[in-house]
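Remember, it's a predicted structure, so these values are computed and weren't measured experimentally.
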Amino acid sequence: MDWFLLAIVAVGISLAMAAAWIVQRKTGMSGWIDTIWSAAVGLGGILTAGCAEGSFSRRMTLIMIVAAWALRLAWHIGVRTKGGGEDPRYAKMMKDWGASASSRLFIFLQVQALAAFILVFAIYLAAINDKAYPAVTDFVAVLLSATALAGEALSDAQLSRFRRRPEAKTEVCETGLWRYSRHPNYFFEWLFWCCLPLFAVTSSPTSLLSLLAPALMYWLLVHVSGIPPLEEHMLRSRGDKFRALRKRVNAFFPGPRKTEFVSQGE
């Protein structure tokens, strides 16, 4: 394991998130934070995959997959941020932090840097896998990553179209994939990171550490910085309409609409 390479990547991600803090302080637009974070994870993952000593073909596959993920997500968030409007999750945090908002945001972004490094470390574990490529697990991993990238892109596109409608200011999105999950984009984001343990799996117990990526992403999206603050914002802005949606639609994993499922059972 190349600890020197990992240390360089860790420092680089930390500096990137320090730069994100500066950008947020200068522009007042927190969306650039997630744009920079996505780019930092992508660049860190590409660097570690490129410099690792595993199967060349598997490393090239990882580079293409990680690059596609980073470019799509950074571009999507960047365009959304440039279009105007503050991220309600960050806005609420900054308001709650009050006078200490600036320093607490800096610390928070360094915690995000740590989370980013864990994801990059999982990419590295997949990249040092030197068993013959492609294995069955590699085929499954490629299919899973492609499904996740397509699903997240489709979810984001459907939400963007909804937000351009006049009723979007008072209604909730319940079209396309959003009929079956309140956060399909988060679900597919998590699903993407599930491909890494499949790329990484070997007889070595160390490869099991790659499970940290999907575990961490699930915890962040479902319990920390994803669903909880966003749904709190939706409850404030949409009230009973969002409460009714919560009764009909699963929060994370896509599934049958609850009212429809009950009526069919009856």
Side-chain angles (χ1 to χ4, degrees), residues 1-6 9-10 13 37-74 114-156 177 180-181 183-223 226 250 252-255:
M1 195 165 295
D2 191 339
W3 295 109
F4 180 70
L5 171 63
L6 293 172
V9 171
I13 293 174
W37 184 88
S38 303
V41 173
L43 290 173
I46 291 169
L47 177 61
T48 54
C51 296
E53 297 182 354
S55 164
F56 176 80
S57 297
R58 184 175 291 106
R59 290 191 292 119
M60 293 304 103
T61 301
L62 283 165
I63 287 174
M64 289 188 290
I65 288 173
V66 171
W69 169 84
L71 286 171
R72 193 212 71 83
L73 188 58
L114 175 60
F117 176 75
I118 292 173
L119 298 179
V120 171
F121 181 62
I123 296 171
Y124 175 75
L125 291 175
I128 61 175
N129 183 353
D130 61 359
K131 71 181 182 182
Y133 179 91
V136 173
T137 49
D138 293 312
F139 281 116
V140 177
V142 170
L143 178 62
L144 193 65
S145 62
T147 301
L149 288 170
E152 188 172 7
L154 179 59
S155 300
D156 286 336
L177 294 171
Y180 309 104
S181 169
H183 305 278
N185 51 347
Y186 286 170
F187 167 75
F188 286 111
E189 174 66 19
W190 167 77
L191 191 66
F192 175 82
W193 295 101
C194 290
C195 78
L196 291 180
L198 293 170
F199 279 121
V201 62
T202 66
S203 58
S204 171
T206 304
S207 68
L208 295 177
L209 291 174
S210 60
L211 290 168
L212 288 172
L216 172 67
M217 190 56 68
Y218 180 85
W219 179 66
L220 290 174
L221 292 175
V222 177
H223 298 293
N250 291 346
F252 187 70
F253 292 101

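Under the 4.5 Å side-chain criterion, counting only non-hydrogen atoms from C-beta, W219 is in contact with L216. Considering only heavy atoms from C-beta on, L177 stays 4.5 Å or farther from N185 through its side chain. Counting heavy atoms from C-beta outward, L6 and D2 have side chains that stay 4.5 Å or more apart. Contact annotation: the side chain of L196 approaches that of L62 to within less than 4.5 Å [non-hydrogen atoms, C-beta and beyond]. Looking only at side-chain heavy atoms (C-beta outward), F188 and L154 stay at 4.5 Å or farther from each other. Side-chain contact between H223 and Y218 is present, with heavy atoms from C-beta onward closer than 4.5 Å. Here the side chains of T206 and M1 are in contact, with some heavy-atom distance below 4.5 Å.
Listed here is the closest heavy atom pair of T48 and A127: O-CB, 4.4 Å. Nearest heavy atom pair, residue S38 against residue A70, reads O-CB, 3.8 Å. Annotation for A39 and A74: closest pair N-CB, 4.4 Å, computed over non-hydrogen atoms. Scanning both residues, V120 and V9, for their nearest heavy atoms gives CG1-CG1, 3.7 Å. Summarising the geometry of S145 relative to C195, their closest heavy-atom pair is CB-SG, 3.9 Å, with the distance given to 0.1 Å. Summarising the geometry of L220 relative to A115, their closest heavy-atom pair is CD1-CB, 4.2 Å, with the distance given to 0.1 Å.
Rounding to the nearest 0.5 Å places SG of C194 at 10.0 Å from CE of M217. The distance from atom CD1 of I13 to atom CD1 of I118, rounded to the nearest 0.5 Å, is 10.5 Å. Taking OG1 from T137 and NZ from K131, the interatomic distance works out to 3.5 Å, rounded to the nearest 0.5 Å. For the atom pair CG of L5 and SG of C51, the computed distance is 5.5 Å after rounding to the nearest 0.5 Å. Note that the CD1 atom of I46 and the CD1 atom of I65 stand 11.5 Å from one another [nearest 0.5 Å]. Rounding to the nearest 0.5 Å places CD1 of I128 at 13.0 Å from CD1 of I123.
With sequence neighbours excluded, the residues that form a salt bridge (charged side-chain N to carboxylate O under 4.0 Å, His left out) with R58 are D138. The salt bridge (charged side-chain N to carboxylate O under 4.0 Å, His left out) search around E189 returns none, not counting sequence neighbours.
For the pair N129 (side chain) and T202 (backbone), a donor-acceptor distance under 3.5 Å is absent. Checking side-chain atoms of N250 against main-chain N and O of F252 turns up no donor-acceptor pair under 3.5 Å.
Note on ring orientation: taking the six-membered ring where Trp is involved, the planes of F187 and W190 are tilted (angle from 30° to 60°). Using bins of under 30°, 30° to 60° and over 60° for the plane-to-plane angle, the ring pair W37/W69 lands in the perpendicular bin. Aromatic ring orientation, F121 versus W3: parallel (interplanar angle below 30°, classes split at 30° and 60°).
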Between E152 and L191, is a side-chain contact (heavy atoms from CB on, under 4.5 Å) present by the stated rule, with each step listed?
-> CA-CA 9 Å; E152 188 172 7; L191 191 66; over 6 Å; no
CA sep, side-chain torsions, deciding dist, call: L125, F199, side-chain contact (heavy atoms from CB on, under 4.5 Å) = CA-CA 9 Å; L125 291 175; F199 279 121; over 6 Å; no
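Within a 6.0 Å sphere centred on CZ of F56, heavy atoms belonging to other residues, nucleotides or ligands number 12 at most.
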